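We count ligands from 1, going down the list as the structure has it; atoms in each ligand are counted the same way. None of these values were measured; they are calculated from a predicted model.
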Amino acid sequence: MSRLSLERLSKRFGTSVAVDELDLTIQQGELVALLGPSGCGKTTTLRMVAGFLPPTSGRVLFDAEDVTRQPAYKRATGMVFQSYALFPHMTAADNVGFGLEMRGLNAAECKARIDEALKLVRLPHLADRLPRQLSGGQQQRVALARALVINPRIFLLDEPLSNLDAKLRSEVRLEIRALQQRLGLTTLMVTHDREEALTMADRLVVMEGGRVRQIGTPQQLYDTPKDAFVADFVGRCNILSGRRESEVQFRTDSGLALPVDSMADECKDADAFALRPERITLLTGGTDGVQGRLKAVTYMGPQTEYVVAVGEETLVVIRQTPGAGEPLAALKPEDTVSLQWDRRAPRLVPQTSA
Ligand SMILES: Nc1ncnc2c1ncn2[C@@H]1O[C@H](COP(=O)(O)OP(=O)(O)OP(=O)(O)O)[C@@H](O)[C@H]1O
Ligand SMILES: [Mg+2]
């Protein structure tokens, strides 16, 4: 496995810029996820790393080796796509071995490598099945084995789980992560699913319009987002625009006063208050805290979501679902509630950053 470095990597299609001077280093054995809205340049970046698409400018390095102009087949990247892209007329084993034959290994070597790869994804018993005789999750594991069988230098995943249903997705997610860690695979993964990104990645890159907004660990991006876009993209967030009024108070444009810490500012011209729904405590009655009126209660199983009108603003609160008899269990729309939070929980961020 290699370290992957992207240096000022750009791709233009005609006059439109798909990827704009991307700088990123992925250490050996690290899993980095590119996260961002549709069209922000995630797949384009991956394709440049794989060698399917020549960059307009910038460099791609595997360790110290410049591979920018190397064709895809020489780069030894293992790639898994959203669609499994298996050959329908070939068995699981033949699909896995396809890349090996092209590499000129003899039959015995091929068979050993295929067996090993199928074992890694726990499918050796299904080696002789055709893709249509496999479930979606099994097909994706065959695709995974096919990517791993060549002992790739860099492992590339483009939304590998988006064709799977929710339960299977979380299973395969854990499986890929365990495999990636066990084999020490240097991995670049693309997703627009924030839960997938937060749970799987060592570091996240939030992109927008071909540019990096912020790079950091999931915790860094979740707890200290640089701007409102990142705050909102990595998780649900209450974002209210306004200004800091004092050391301990933020005033929204609508005139609401909200408690904050003196150290909450991400930059000196922060104009938005960002607070995660689960950081707010909801109390029935009482006059401490910010007073509001409950607008909606949505049961989500382990958690319950409360929408609260506070002055002209709306705040979303997420709490652990109360048991029968607890005060919150009796709440209904139009009840008066008070909201409290640790002053250190809100971040003051710019709505947009340069
Ligand atoms: N071959 C191409 N020719 C012209 N424009 C392209 C081409 N490929 C991609 N683009 C454009 O480049 C931009 C980035 O596309 P890309 O596929 O990288 O987005 P993405 O982040 O992967 O989006 P999604 O989440 O929808 O998969 C888009 O505006 C897209 O329309
Ligand atoms: Mg894409």
Side-chain angles (χ1 to χ4, degrees), residues 4-24 26 31-60 67-72 75 77-86 136 139-140 143-144 146-147 152 154-166 169 172-173 176 180 187-201 203-216 218 221 225-236 352-353:
L4 170 66
S5 308
L6 310 182
E7 293 179 358
R8 305 188 63 159
L9 195 64
S10 297
K11 182 67 193 179
R12 275 193 293 280
F13 294 106
T15 53
S16 79
V17 182
V19 176
D20 196 6
E21 308 225 317
L22 181 65
D23 278 307
L24 177 67
I26 306 183
L31 190 157
V32 169
L34 298 181
L35 181 67
S38 186
C40 74
K42 304 181 297 290
T43 296
T44 302
T45 303
L46 215 64
R47 290 169 59 84
M48 289 193 282
V49 175
F52 298 139
L53 199 60
T56 307
S57 59
R59 300 204 301 165
V60 178
V67 299
T68 316
R69 266 159 251 303
Q70 229 176 50
R75 293 195 191 186
T77 56
M79 189 150 177
V80 180
F81 305 91
Q82 175 173 0
S83 59
Y84 322 123
L86 299 177
Q139 288 182 54
Q140 195 54 311
L144 218 54
R146 182 180 54 187
I154 305 289
F155 195 43
L156 301 171
L157 304 166
D158 193 352
E159 313 235 6
L161 307 172
S162 53
N163 272 342
L164 307 178
D165 66 51
R169 199 181 307 161
V172 179
R173 182 192 291 161
I176 292 181
Q180 180 269 330
T187 306
L188 181 60
M189 177 175 90
V190 159
T191 178
H192 54 233
D193 179 331
R194 58 197 178 193
E195 193 181 319
E196 196 168 299
L198 289 171
T199 53
M200 289 179 74
R203 282 188 304 147
L204 301 182
V205 179
V206 176
M207 290 179 70
E208 195 210 15
R211 310 190 72 153
V212 171
R213 281 291 189 123
Q214 192 172 358
I215 300 181
L221 265 58
K226 203 170 128 248
D227 60 32
F229 180 86
V230 174
D232 190 51
F233 213 85
V234 297
R236 295 196 62 181
T352 54
S353 64

Legend entry - Lys42 side chain vs Met189 backbone, donor-acceptor pair below 3.5 Å: no

Legend entry - Which atom of Ala33 lies closest to which atom of Thr191, heavy atoms considered: CB-CG2, 4.5 Å

Inset, instruction - Check whether any N or O atom of Ser38, backbone or side chain, sits under 3.5 Å from an N or O atom of ligand 1, and answer yes or no. - result: yes

Inset, instruction - Just jot down the ligand 1 atoms closer than 4.0 angstrom to any heavy atom of Thr43, in number order. - result: 17 (O), 18 (O), 20 (P), 22 (O), 27 (O)

Inset, instruction - Could you tell me whether a side-chain N or O of Lys226 sits under 3.5 Å from a main-chain N or O of Arg213, the two making a donor and an acceptor? - result: yes

Legend entry - Identity and separation of the nearest protein heavy atom to atom 25 (O) of ligand 1: Lys42 NZ, 2.8 Å

Inset, instruction - Return a yes/no value for Gly36: is any of its N or O atoms, backbone included, closer than 3.5 angstrom to an N or O of ligand 1? - result: no

Legend entry - Protein non-hydrogen atom found under 4.0 Å from atom 31 (O) of ligand 1: no

Inset, instruction - Starting from atom 9 (C) of ligand 1, locate the nearest protein heavy atom and write down its residue, its atom name and how far away it is, to 0.1 Å. - result: Phe13 CE1, 3.5 Å

Legend entry - Glu195 side chain to Gly235 backbone, donor-acceptor under 3.5 Å: no

Inset, instruction - For atom 2 (C) of ligand 1, state whether the nearest protein heavy atom is under 4.0 Å away. - result: yes

Inset, instruction - Measure from the side-chain N and O atoms of Arg194 to the backbone N and O of Leu35, and report whether any donor-acceptor pair falls under 3.5 Å. - result: no

Inset, instruction - Please list, chain by chain and in numerical order, all residues satisfying salt bridge (charged side-chain N to carboxylate O under 4.0 Å, His left out) with Glu159, sequence neighbours excluded. - result: none

Legend entry - Heavy atom of the protein closest to atom 15 (O) of ligand 1 (residue, atom name, distance): Thr44 OG1, 3.6 Å

Legend entry - Main-chain N/O of Leu164 paired to Arg169 side chain as donor or acceptor, under 3.5 Å: yes

Legend entry - Thr56 side chain to Arg12 backbone, donor-acceptor under 3.5 Å: yes

Legend entry - Nearest option to atom 29 (O) of ligand 1, as decided by whichever heavy atom of Ala18, Gly39, Gly210 sits closest: Gly39

Legend entry - Shortest non-hydrogen separation from Ala50 to Met79 and the atoms involved: CB-SD, 3.8 Å

Legend entry - Distance, nearest 0.5 Å, that separates CD1 of Ile215 from CG of Leu22: 7.0 Å

Legend entry - Protein N, O or S within less than 2.8 Å of the Mg ion (ligand 2), waters excluded: Thr43 OG1

Inset, instruction - Run the numbers for me: atoms of ligand 1, each under 4.0 Å from some heavy atom of Cys40, listed by number. - result: 19 (O), 21 (O)

Inset, instruction - Could you see which bit of His192 sits under 4.0 Å from ligand 1, with heavy atoms only: side chain, backbone, both or neither? - result: side chain

Inset, instruction - Examine distances only and state if a side-chain atom of Arg75 and a backbone atom of Val67 form a donor-acceptor pair shorter than 3.5 Å. - result: yes

